[in-house]
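None of these values were measured; they are calculated from a predicted model.
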Amino acid sequence: MSDAPTTEYDALLLVSFGGPEGPDDVMPFLENVTRGRNVPRERLESVAEHYYRFGGVSPINEQCRRLKAAIEADLAAHSIDLPVYWGNRNWAPYLTDTVRQMAADGVRRAAAFVTSAYSGYSTHQQYLEDIARARAEVPGAPQIDKLPVYCRRSGFIDPFADGVRDALARLPQDARLVFTAHSVPLAQPGRADYVAELQDVAAAVAERAAPGRPWTLAYQSRSGP
């Protein structure tokens with residue numbers, strides 16, 4: 001497994017964080033996310049309330065289903081015969097189960113597209129570890145190369161700029177432009193790279209969508225105690 005992709009693959013692997021798809025999933029999901037970190041039960045129950053407000057459903061799995069379908073359609077439109085698989089870190093379909101299916105299907109080399117676009121530990125390095133762990137658990141697992149970080153690519157930035165531009169057109173002239181991102185602990189490895197990339201992406205989106213308009217980068221989803 002490498003972070004430097006080669007040029008020939010016989011499958012594409014979509015890798016994501018995973019999320020609950022109903023109220024009964026919420027606590028098991030949070031236990032998966034925090035396993036080994038000694039997070040108090042009351043803290044998990046507090047976080048769970050945010051999910052219960054939305055029926056216990058995170059949108060991420062459905063977004064991954066739509067992304068997978070869109071990738072498959074685009075490959076077919078370009079006559080590219082490449083199967084697309086999907087595996088998550090914290091919820092079904094679990095990455096190890098997906099890698100096991102890939103091995104059973106005879107996949108030998110796959111490129112992994114991770115839905116996290118940024119550098120840092122939890123947004124990049126941990127996915128490399130997830131892939132390595134899954135491969136270690138599956139006899140005959142395929143080689144899997146994680147595709148490079150892509151947050152600064154125009155294909156990532158331009159759709160955000162389009163969305164911001166459309167939204168601002170429907171808002172008052174003095175509307176505040178605030179970019180939000182998931183927080184990471186201050187001591188987490190790679191944090192400086194993550195923050196720098198977020199700043200660069202926010203600046204690029206703002207420049208494309210609203211030149212000269214002030215903007216702010218704010219963090220959400222508090223990590224840690």
Worksheet item: Only one of Asp200, Asp193, Asp158 clears salt bridge (charged side-chain N to carboxylate O under 4.0 Å, His left out) with Arg152; which?
Response: Asp200
Discussion item. Within the 4.5 Å heavy-atom criterion, are Glu31 and Arg41 side-chain neighbours or not?
Written reply: yes
Worksheet item: Looking only at heavy atoms, which two atoms of Asp10 and Arg108 are closest? And how far apart?
Response: OD2-N, 3.0 Å
Discussion item. Has Thr98 got a side-chain atom pairing as donor or acceptor with Trp86's backbone, closer than 3.5 angstrom?
Written reply: yes
Item to complete: Check whether any side-chain heavy atom of Asn88 lies under 4.5 Å from a side-chain heavy atom of Pro93, and answer yes or no.
Response: yes
Item to complete: Could you tell me which non-hydrogen atom of Met102 sits nearest to which non-hydrogen atom of Ala110, and how far apart they are?
Response: CE-CB, 3.5 Å
Worksheet item: Does any non-hydrogen side-chain atom of Tyr219 lie less than 4.5 Å from one of Leu198?
Response: yes
Fill in: For Val178 against Ala218, the heavy-atom pair lying closest together
CG1-CB, 4.1 Å
Worksheet item: If Ile, Leu, Val, Met, Phe, Trp and Tyr residues are connected whenever their side-chain heavy atoms lie under 4.5 Å apart, and connections chain through other members, are Val33 and Tyr121 in the same group?
Response: no
Worksheet item: Going only through I, L, V, M, F, W and Y residues with side-chain contacts under 4.5 Å, is there a path from Leu44 to Val57?
Response: no
Worksheet item: Yes or no on side-chain contact (heavy atoms from CB on, under 4.5 Å) for Val149 and Thr123, after CA distance, side-chain angles and deciding distance?
Response: CA-CA 9 Å; Val149 166; Thr123 49; over 6 Å; no
Practice prompt. Please check if the side chain of Arg53 supplies one atom and the backbone of Glu49 the other of a donor-acceptor pair under 3.5 Å.
Written response: no
Worksheet item: Would you call Glu137 and Arg133 a salt bridge, taking side-chain N to carboxylate O under 4.0 Å as the test?
Response: no
Worksheet item: Just wondering, more than 12 heavy atoms not from Phe156 lying within 6.0 Å of its CZ?
Response: yes
Worksheet item: Should the heavy atoms of other residues, nucleotides or ligands under 6.0 Å from CG of Asp74 be counted, would the total exceed 12?
Response: yes
Fill in: Asp130 CG to Tyr94 OH distance, which is reported to the nearest 0.5 Å
12.5 Å
Worksheet item: Is any side-chain heavy atom of Glu21 closer than 4.5 Å to a side-chain heavy atom of Glu62?
Response: no
Response to the item:
Interatomic distance, CZ@Phe29 vs OG1@Thr34, rounded to 0.5 Å, equals 9.5 Å
Item to complete: Quick one: pull up CG in Asn61 and CZ in Arg66 and give me the separation to the nearest 0.5 Å.
Response: 11.5 Å
Discussion item. Tell me the closest heavy-atom pair linking Arg191 and Val184, and the distance in Å.
Written reply: CG-CG2, 4.0 Å
Worksheet item: Would you say Gln188 and Ser122 make side-chain contact, with heavy atoms under 4.5 Å?
Response: yes
Discussion item. For a quick check under 3.5 Å, do Asp25 and Tyr51 share a side-chain donor-acceptor pair by atom type?
Written reply: no
Worksheet entry | Check: Asp145 main-chain N/O paired with Arg109 side-chain donor or acceptor under 3.5 Å | no
Item to complete: Check whether any side-chain N or O of Tyr127 sits under 3.5 Å from a backbone N or O of Arg89 as a donor-acceptor pair, and report yes or no.
Response: no
Worksheet item: Would you say Asp105 and Pro83 make side-chain contact, with heavy atoms under 4.5 Å?
Response: no
Worksheet item: Is the count of non-hydrogen atoms from other residues, nucleotides or ligands lying under 6.0 Å from Arg65 atom CZ greater than 12?
Response: yes
Discussion item. Give me the atom names and distance for the closest heavy-atom approach of Ile144 to Val99.
Written reply: CD1-CG2, 3.9 Å
Response to the item:
Separation between CG (Leu13) and NZ (Lys146), nearest 0.5 Å, reads 11.5 Å
Discussion item. Tell me if a side-chain donor or acceptor on Ser58 pairs with a main-chain N or O of Pro20 at a distance below 3.5 Å.
Written reply: no
Fill in: Any donor-acceptor N/O pair, Arg213 side chain to Ala175 backbone, under 3.5 Å
yes
Worksheet item: Which atom names give the shortest non-hydrogen contact between Pro142 and Val107, and what distance separates them?
Response: CB-O, 3.2 Å
Practice prompt. Rounded to the nearest 0.5 Å, what's the gap from OH on Tyr194 to SG on Cys151? Could you check?
Written response: 10.0 Å
Worksheet item: Rounded to the nearest 0.5 Å, how far apart are CD of Glu45 and OH of Tyr52?
Response: 8.0 Å
Worksheet entry | Hydrophobic cluster membership, Leu14 vs Ile80, 4.5 Å side-chain cutoff | yes
